[in-house]
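Data block below; observations after.
Numbered from 1 within each chain, the chains take letters A, B, ... in sequence-line order. Both backbone and side-chain heavy atoms feed into the values below; hydrogens, waters and symmetry mates do not.
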Amino acid sequence: MSEYLSLVLYLLVVLAIPVGISCIAGRLAPHKPNVNKGKPYECGVSEPFANQTRWPVRFALVAMLFLIFDVEALFFYPWAVALRELGVAGLFYIASFFAVLGTGYLYARNRGALQWK
Amino acid sequence: MQDLVVPMLRTIAVIAVLMTLMPYMTWFERRVLAAMQVRHGPNRVGWQGLLQPLADGLKLLFKEDLTPSNSDRWLYRLAPAIALFAALASFAVIPFGPTVEIQGTMVPMCIADLDIGVLYLLGVSSLGVYALVLGGWASGSKYSLMGALRAAAQVVSYELILGLALIAVVLTVGDTKLSTIVQQQHDGVWLVFLQPVAFVLYLIAACAETNRAPFDLPEAETELVAGYHTEYSGMRFAMYFIAEYINMLVVSSLAATLFLGGFSGPFWPGPWWLILKLMVFMFLFVWLRATLPRLRYDQLMRLSWNKLLPIGLLNLAVTAVIVVYRSGK
């Protein structure tokens, strides 16, 4: 229990650091805004640009694949801790899980989800 | 009250050490990089340039903190704070010394030696992705947005590889508690000899997770200006910068803890060994940056999903069979 108390204490102090930095910098830094400073950085050519625009769908695809594989990878942890007690049976349990994971992976790979051009 | 004094002192000590190491890592990086490129590096401010990081920090403190007019104000301010919080918070489970007795009380040299240490680390360090994505999106600039998208896809892809390397370690040790992992290496051999494949996977993933060269595509300055923190200036930029270096310290000390026996070593007290082993990895980071050119984005993604992922899973399968065979059940 004392471990978690110590952790919470640490997290509170850690939380105070960015807040403190922002407060101190807010007092010390100059603040003189003008229209040109407020424009987004454009390498010299200034034109309005909305960032709620289209972007390549590949990135969303990677995010979805990650979600599936990472959640599946999480299931490995309890198994990894318990494997010594499970023995050979544990190998068969995970082999079936591996088959499911592998099928999904091969499907995604063959459909070209992992191909970047 | 007595219960709170020790954790409080330990917390302050850890943060003080991290916040002192971090600026000197920038000095170390610049000097080592300079030496590798046959130049001098910062050597004017103080003896051997040792006051340079201090001067840089002070300069940033007095710089104007710009907020672009078409940015999402609250998210824009929140994002760097998340980055710094996630980086510092993930250090909490790393043990930096054996339990010592000070005036009758046993003091474990670790903020919180949780039973689920490895899982905590994975979870909390993943919070850093929010900082990159929210910061890049909220800036309202196309360079920031592209940097954020790249960063998100890269970090999640390599988190998978990181996870597979960690599972291999957990499998070998049979516990997710970091102090147990260190103790087993202290009694036996370092895990780098038992799990060489996981070690290499971990190193590659750690480079990509911290956006270090050759995986620094999110901030590829030749094409994206500075990536997700293009619009940031002053102390908000500094928070991203501090977070990046603290992250490097965390992944280095985790590498030392998992594969090189952590704080265990002869003669010196634990923390010194951890810092020494951590420096080895920091040097490796700088060395890689000085040696390797940046990867192309498709190469980066192919490396993760088509090469490292199958290798990681195969390593896991082989490890599992060996573990079961040796446990004799």
Next item on the list: Can you sort out the partners of B:S126 under side chain to side chain donor-acceptor pair (under 3.5 Å), two or more places apart, ordered by chain and number?
Entry: B:E159
Check: Taking atom types as modelled, is there a side-chain donor on B:R10 or A:S6 under 3.5 Å from an acceptor on the other?
Finding: yes
Next item on the list: Just give me the residue among B:G163, B:A320, B:S157, B:S144 that pairs up with chain A most often, heavy atom to heavy atom, under 4.5 Å.
Entry: B:A320
Next item on the list: Might you point out which heavy atoms bring B:I167 and A:A73 nearest each other, and give the distance in Å?
Entry: CD1-O, 3.4 Å
Check: Any idea which of B:L84, B:V156, B:L160, B:L60 has the most non-hydrogen atom pairs under 4.5 angstrom with chain A?
Finding: B:V156
Next item on the list: Name the region of B:L18, side chain, backbone, both or neither, that has any atom closer than 4.5 Å to a heavy atom of chain A.
Entry: side chain
Notebook entry, point to check: Which one of B:I116, B:I111, B:V170, B:V173 has the most heavy-atom pairs closer than 4.5 Å to chain A?
Noted result: B:I111
Checklist line | Segment of A:L91 engaging chain B (4.5 angstrom heavy-atom cut-off) | finding: side chain
Margin query: For a side-chain contact (heavy atoms from CB on, under 4.5 Å) check, start with the C-alpha distance between B:L171 and A:F76, then their side-chain angles and the critical distance, and finish with the verdict.
Written below: CA-CA 9 Å; B:L171 205 54; A:F76 278 119; over 6 Å; no
Margin query: Quick check: closest heavy atoms across B:G174 and A:V81, and the distance to 0.1 Å?
Written below: O-CG1, 3.8 Å
Margin query: Could you measure the distance from the NE2 atom of A:H31 to the CG atom of B:D65? Nearest 0.5 Å is fine.
Written below: 9.0 Å
Note to self: Taking salt bridge (Lys or Arg N to Asp or Glu O under 4.0 Å) as the definition, give me every residue that meets it alongside B:D113, ordered by chain and number, with sequence neighbours left out.
What the structure shows: none
Next item on the list: Not counting sequence neighbours, which residues clear side chain to side chain donor-acceptor pair (under 3.5 Å) with B:S304? List them please.
Entry: none
Next item on the list: Heavy-atom pairs under 4.5 Å with chain A are the metric here; pick the option from B:A83, B:P310, B:P80 that has the most.
Entry: B:P310
Item checked: B:M8 vs A:V13 side-chain heavy atoms within contact, under 4.5 Å -> yes
Check: With a 4.5 Å heavy-atom cut-off, do A:Y77 and B:L122 have their side chains touching?
Finding: yes
Notebook entry, point to check: If you look at every heavy atom in A:K32 and B:E64, which pair is closest and at what distance?
Noted result: N-OE2, 3.0 Å
Notebook entry, point to check: With respect to chain A, which residue among B:T319, B:I82, B:I242, B:T172 yields the maximal number of heavy-atom pairs within a distance under 4.5 Å?
Noted result: B:T172
Note to self: For B:W305 and A:F69, take the angle between the two ring planes, folded into 0 to 90°, and tell me which bin it lands in: parallel under 30, tilted 30 to 60, perpendicular over 60.
What the structure shows: perpendicular
Check: Hey, what do you get for CZ (B:R326) to CZ (A:R84), rounding to the nearest 0.5 Å?
Finding: 9.0 Å
Item checked: Pick from A:I24, A:D70, A:L61 with the largest number of heavy-atom pairs that fall under 4.5 Å of chain B -> A:D70
Check: Can you tell me how far CD1 of A:I17 sits from CE of B:M239, rounded to the nearest 0.5 angstrom?
Finding: 11.0 Å
Next item on the list: Among B:T176, B:L164, B:L316, B:L313, single out the residue with the greatest number of heavy-atom pairs under 4.5 Å to chain A.
Entry: B:L313
Next item on the list: Find out whether B:L114 and A:Y4 are in side-chain contact, i.e. whether some heavy atom of one side chain is under 4.5 Å from a heavy atom of the other.
Entry: yes
Notebook entry, point to check: So what's closer than 4.5 Å to chain B heavy atoms on A:I94: side chain, backbone, both or neither?
Noted result: neither
Item checked: Portion of B:V118 that has a non-hydrogen atom of chain A nearer than 4.5 angstrom -> side chain
Check: By a 4.5 Å heavy-atom criterion (distance strictly below it), what part of B:L309 contacts chain A: side chain, backbone, both, or neither?
Finding: side chain
Check: Within the side chain of A:Y10, is there an N or O that forms a donor-acceptor pair under 3.5 Å with the backbone of B:L88?
Finding: yes
Notebook entry, point to check: Looking only at heavy atoms, which two atoms of A:L9 and B:P7 are closest? And how far apart?
Noted result: CD2-CB, 3.8 Å
Check: Between atom CG of A:L74 and atom CG of B:L119, what is the distance when rounded to the nearest 0.5 Å?
Finding: 7.0 Å
Next item on the list: Could you tell me which of A:V19, A:L67, A:L65, A:L83 has the largest number of non-hydrogen atom pairs under 4.5 Å with chain B?
Entry: A:L83
Next item on the list: Could you please state which residues from residues 97-107 of chain A sit under 4.5 angstrom from chain B, measuring non-hydrogen atom to non-hydrogen atom, sorted by number, or 'none'?
Entry: A:F98, A:L101, A:Y105
